[in-house]
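Report on the following structure.
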Amino acid sequence: MYNLGIHLLSFVLKVLAHFNTKIKLGVLGRQSTFEILSQNLTPIDKTIWFHCASLGEYEQGLPVFECVRHKFPQHKIILTFFSPSGYEIRKNTKIADIVVYLPLDTTSNAERFISAVKPELTIFVKYDIWPNFLHELKKQGRTAYLISALFRKNQSFFKFYGRKPRSALFAFKHIFVQNKSSELLLKNINYNNVTVTGDTRFDRVTNQLSQDNTLDFVSEFKEASTCIVIGSSWAEDEAILIPYINENASETIKFIIAPHEIDGTHITSIRSKLEVKTAQFSEKEGKSLKDYSVFIIDTIGLLTKIYNYANIAYVGGAMGKTGLHNILEPAVFGIPVIIGKNFKKFPEASAMIEKAGVISVKNDIELKTVLDTLLTSTSYRKSEGLKNARYIGHNKGAVVQIMDTIRI
């Protein structure tokens, strides 16, 4: 049934590719995978394979990838993505020698891919677990690890019908999980090579503090104002944020909006609802940015650095049901973070609401109350931000534990 479903998925994706640019990128990209591998690999190459579903998992795995690359400099690194949103943004990353789309998880693709790559070490990140690829790794005697894994009891691995995906977990030599509940779920199915190491994203964002986070155009825009950065927002987030922006944006309170979707239609929609002076990244040349009170970032790759300029951050995805984006990226800079109401699937959010400076709001009324309080009370704002910085400091260290175990 699983293999039939994969073939059906292949057909559906090819049909949808005619109507969706993102899906089309993935379909076309997968057609080139084996050609790229054959052009860039030789029979004598020693290889390591990293796999991520998308950009978020890449960022999660990056501190481990960097350590592995340093530890095994003679190996060629193959990095695969399933989603175009990961591949298209990181296809030129220096962490890998070859970056390709992962072929669909058919038995023939799995055998062909593993036979071509022959990885001495494979690392999967979080949850993108493809049974046929993993069974083939095990069949060929290859070593695989899963890092920053997060499991929930309603996943197929733990259901009566989940025999094939459950058996795939046993292809991993060791699984590093984020929390005790994930460890317990694995042990309940008799998988015992598991260690609770926490989330590698804590290490990833901590490393950001040692980078140069300067962006001159943001400095020009912000000047001495209090700046609220809205990161990875969706329409549901913007629906409660834009009225507040229209009411409060000024020379002393400024807003940066970095929406998750940056297509022209979405950006135009945001601008049409704003009633205050607004600049746009793609149109910033020749403008005196200090004269604007809202700045829309219609490009990718800058948000992590932009958070460095925030006094308050709002992270999108949880007001609707698309999924909360990374709250650790702004929190590491020691600022309070506001999120929406649908965060239960994100353990770091629940923990930081309870123990740190993350605040959840359900609607525009709660948003106004929280933002007004943070804006008027500097001491409260700094206190909540400091809680976030301390929480991240206390929870880093997963990478060291993982690297102590990984072997070739």
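Remember, it's a predicted structure, so these values are computed and weren't measured experimentally. Position 1 is the first residue of the sequence, and the numbers go up from there.
When the shell of 6.0 Å around NZ of K126 is examined, it contains more than 12 heavy atoms from other residues, nucleotides or ligands.
Side-chain contact check for N311 and T226: no donor-acceptor pair (N or O, by modelled atom type) lies under 3.5 Å. Counted by atom type alone, S182 and N179 present one or more donor-acceptor pairs between their side chains at under 3.5 Å. For the residue pair N132 / K164, a side-chain donor-acceptor distance below 3.5 Å is found, with atom types taken as modelled.
In plain terms, the two heavy atoms of A389 and V332 that are nearest each other are CB-O, 4.5 Å.
Between Y145 and H174, the distance from one ring center to the other does not fall under 6.0 angstrom. Ring centers of F295 and F221: under 6.0 Å apart, within the cut-off. A centroid separation of 6.0 Å or more is found between the aromatic rings of F113 and W130.
The ring pair (Phe, Tyr, Trp, His ring centres under 6.0 Å) check on Y309 picks up nothing, with sequence neighbours excluded. Not counting sequence neighbours, the partners of Q39 by the side-chain hydrogen bond (donor to acceptor under 3.5 Å, both in side chains) test are E35.
For residues 83-103, the ring-ring contact (aromatic ring centres under 6.0 Å, His included) pairs, not counting sequence neighbours, are Y87-Y101.
Salt-bridge check for R201 with E348: passed, with a basic side-chain N closer than 4.0 Å to an acidic carboxylate O. Between R69 and E66 there is no salt bridge, since none of the side-chain N atoms of the basic residue sits less than 4.0 Å from a carboxylate O of the acidic one.
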